[in-house]
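All values below come from the heavy atoms of this structure, side chains included, with hydrogens, waters and symmetry mates left out.
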Amino acid sequence: MSSRRSRSRQTSSSRNITDDQINDLVSKLQQLLPEIRDRRSDKVSASKVLQETCNYIRSLHREVDDLSERLSELLATTDSAQAAIIRNLLMQ
């Protein structure tokens, strides 16, 4: 076997993630999700955690879009001096 193939196999095997690492990451995700974190039951499947993570990210995207739209409307209705102050505050 060539050394190139040997290195390739070593590299790919060192990137494999263990079941314990997956469980740890799922547990960390679970703690970040309000829908799951506040439940009394500690046992939630990994697929449920991943599904809730996707839902939560989608809701955060919607919230960002809504806030961006509201900010744009606010900036459009304020005078240029106030809009400049708001923009400067946002850039900090």
Side-chain angles (χ1 to χ4, degrees):
M1 181 183 281
S2 73
S3 63
R4 184 175 175 187
R5 281 188 185 165
S6 177
R7 275 185 301 207
S8 175
R9 283 192 179 168
Q10 288 173 349
T11 303
S12 65
S13 67
S14 67
R15 283 186 265 170
N16 289 343
I17 189 165
T18 67
D19 287 345
D20 287 339
Q21 289 170 316
I22 291 172
N23 290 336
D24 184 50
L25 292 170
V26 168
S27 177
K28 287 177 182 178
L29 271 178
Q30 185 175 352
Q31 294 304 311
L32 295 172
L33 300 171
E35 288 290 319
I36 295 177
R37 181 184 59 220
D38 299 335
R39 290 186 188 162
R40 294 283 181 224
S41 173
D42 288 337
K43 282 303 249 183
V44 179
S45 70
S47 63
K48 181 68 173 173
V49 171
L50 293 174
Q51 183 179 33
E52 288 297 327
T53 299
C54 291
N55 292 340
Y56 188 56
I57 290 170
R58 281 188 202 100
S59 74
L60 291 174
H61 278 287
R62 284 191 300 271
E63 189 173 346
V64 166
D65 290 344
D66 180 52
L67 290 171
S68 294
E69 186 176 321
R70 289 171 55 193
L71 179 61
S72 293
E73 291 170 2
L74 175 68
L75 290 174
T77 60
T78 59
D79 65 53
S80 60
Q82 288 176 331
I85 292 169
I86 293 170
R87 283 189 187 96
N88 284 336
L89 289 172
L90 292 173
M91 294 302 189
Q92 294 179 1

- Item | Reported CG-to-CG distance for the pair Asp24 and Asp19, which is rounded to 0.5 angstrom | 12.5 Å
- Task: Could you note down all residue pairs passing salt bridge (charged side-chain N to carboxylate O under 4.0 Å, His left out) where residues 65-78 supplies at least one of them, sequence neighbours left out?
- Result: Asp66-Arg70
- Query: Applying salt bridge (charged side-chain N to carboxylate O under 4.0 Å, His left out), which residue pairs with at least one partner in residues 45-62 are found, sequence neighbours left out?
  - Reply: Lys48-Glu52
- Qualifying residues under side chain to side chain contact (heavy atoms under 4.5 Å, CB included), relative to Ser72, sequence neighbours excluded: none
- Note on the structure: Between the CD atom in Gln21 and the CG atom in Asn16, the distance rounded to the nearest 0.5 Å is 9.5 Å
- Heavy atoms only: give me the nearest Tyr56-Leu32 pair and the separation to one decimal. CE2-O, 4.1 Å
- Query: When you look at CD of Glu63, are more than 12 heavy atoms from neighbouring residues, nucleotides or ligands closer to it than 6.0 Å?
  - Reply: no
- OG on Ser27 to CG on Asn23, rounded to 0.5 Å: 8.5 Å
- What residues, two or more places apart in sequence or in another chain, satisfy side chain to side chain contact (heavy atoms under 4.5 Å, CB included) together with Ile57? Thr53, His61
- Is there a side-chain contact between Val26 and Val44, using heavy atoms and a 4.5 Å cut-off? no
- Task: Please list, chain by chain and in numerical order, all residues satisfying side chain to side chain contact (heavy atoms under 4.5 Å, CB included) with Asn88, sequence neighbours excluded.
- Result: none
- Who else is in the cluster with Ile86 when I, L, V, M, F, W and Y are joined by side-chain contacts under 4.5 Å? Leu71, Leu74, Leu75, Leu90
- Query: Are Ile17 and Leu29 linked, directly or through other ILVMFWY residues, by side chains that come within less than 4.5 angstrom of each other?
  - Reply: yes
